[in-house]
Amino acid sequence: MRIGELSKKTGVASRMLRYYEEQGLISPTRLDNGYRDYQDYLIDRVGKIRGLVDSGIPSRIIVDILPCLDQEQDIVVRNVEPGLRDLLAQERDRMSQKIDFLTQNRDAITKYIAALDEAATEAPLASAS
DNA sequence: ATTCTTACA
DNA sequence: TGTAAGTA
């Protein structure tokens, strides 16, 4: 399928699909007319990529994690790149740190929402005062 | 009508 | 990311 169809199926803007390609996250083939040709499995892959990207994970890390996502559980460990283990461990710690940060913000927002609801209950028409 | 690349906001 | 230009 071409970029427009993949965009509709994944909800990812075609602009970003081309960007993902630049980042080495996906490698669509080309049609004779130069149009990008995406395989069906990329629909699922793009969904996972979006999840990672939306979590704020740098694309350079996503590239290393992607092969783990494309398989069910049988992770192939042939690519024993030198510092990859440490790189991923370091990234995992950053994720934990980010999760803690987001958890705090979520709780703070939850309290704020509660305060807003309470205020609305006490003074229903005070929004324009 | 769609997509492509390049480039600017 | 969105959009514009000029193509294929």
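Just so you know, these numbers come straight off a predicted model, no measurement behind them. When reading the values below, keep in mind they use all heavy atoms of this one structure, side chains included, and skip hydrogens, waters and symmetry mates. A note on names: the letters A, B, ... follow the listed sequences, proteins ahead of strands, and every chain is numbered from 1.
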Partner of B/dA1 by Watson-Crick or G-U wobble geometry, both contacts under 3.5 Å, or none? none
For atom CG of A/Asp32 and atom C1' of B/dC4, their distance in whole Å: 15 Å
Pair A/Arg94 + A/Glu91: basic N to acidic O under 4.0 Å: yes
Go through C/dG2, B/dT2, B/dT5 for me and flag the one nearest to the A/Tyr35 side chain. B/dT2
Could you tell me how far apart A/Met16 (CE) and C/dT3 (P) are, to the nearest whole angstrom? 12 Å
Phosphate contact (B/dT5 OP1 or OP2) by A/Arg30 side-chain N/O below 4.0 Å: yes
Is it the case that the side chain of A/Arg50 and the backbone of A/Thr10 share a donor-acceptor pair, with hydrogens and angles ignored and the cut-off at 3.5 Å? yes
Tell me: CG of A/Leu31 to C1' of B/dT3, nearest whole Å? 11 Å
Taking only N and O in the side chain of A/Arg18, is any of them less than 4.0 Å away from OP1 or OP2 of B/dC4? yes
Which heavy atom of A/Ser14 sits nearest a heavy atom of A/Ile3, and at what distance? O-CD1, 3.3 Å
What about A/Tyr35 and A/Ile43, same hydrophobic cluster or not, with Ile/Leu/Val/Met/Phe/Trp/Tyr joined at side-chain heavy-atom distances under 4.5 Å? no
Grab the CG-C1' distance between A/Asp37 and B/dT3 for me, whole Å please. 13 Å
Grab the CG-P distance between A/Leu17 and B/dT2 for me, whole Å please. 16 Å
Starting at OH of A/Tyr38 and ending at P of B/dT2, how long is that distance when rounded to a whole Å? 16 Å
Mapping A/Gly4 and A/Arg15 to their closest nucleotides on DNA chain B, which lands nearer the 5' end? A/Gly4
When rounded to whole Å, the CD to P distance for the pair A/Gln23 and C/dT1 reads 11 Å
When you match A/Tyr20 and A/Asn33 each to their closest nucleotide on DNA chain C, which lands nearer the 5' end? A/Tyr20
